[in-house]
Amino acid sequence: MLVLTLAMAAVGFALLVLALTTGSVAWAWGCIAVCVVGAVLLLVSSLRGTTPDRERSIPRAAPAREDDPPTE
């Protein structure tokens with residue numbers, strides 16, 4: 001979801017540049033709409049606590065049990 005948020009930021013920036021060069025208010029409102037959607041996506045991703053797929057694929061070591069022999 002972070003990649004989608006970054007893509008929305010890039011599209012919003014492109015719309016901002018387009019709005020400034022053409023002087024069109026419609027492009028500026030499009031920029032605002034895209035940025036709001038990107039901010040909502042970022043907020044949802046943050047609240048869900050998602051982690052990147054790379055971190056999910058790393059196996060974690062099993063906790064040691066009390067009856068296991070110590071390792072050196």
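Side chains included, hydrogens not; waters and symmetry mates left out as well; all remaining heavy atoms used. This is a predicted model, so every value here is computed, not measured.
Take C35 and apply the side-chain contact (heavy atoms from CB on, under 4.5 Å) test, not counting sequence neighbours, and it matches C31. L41 is linked by a side-chain contact (heavy atoms from CB on, under 4.5 Å) to M1, L4, T5, M8, V37, counting only residues two or more places apart in sequence or in another chain.
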Side-chain donor-acceptor distances from residues 22-29 under 3.5 Å, at least two apart:
residue : atom : partner : partner atom : Å
T22     : OG1  : L18     : O            : 2.8
T22     : OG1  : S24     : N            : 3.4
S24     : OG   : A26     : N            : 3.3

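In summary, of the residues considered (L47, V40, L42), a side-chain contact (heavy atoms from CB on, under 4.5 Å) with V44 occurs for V40 alone.
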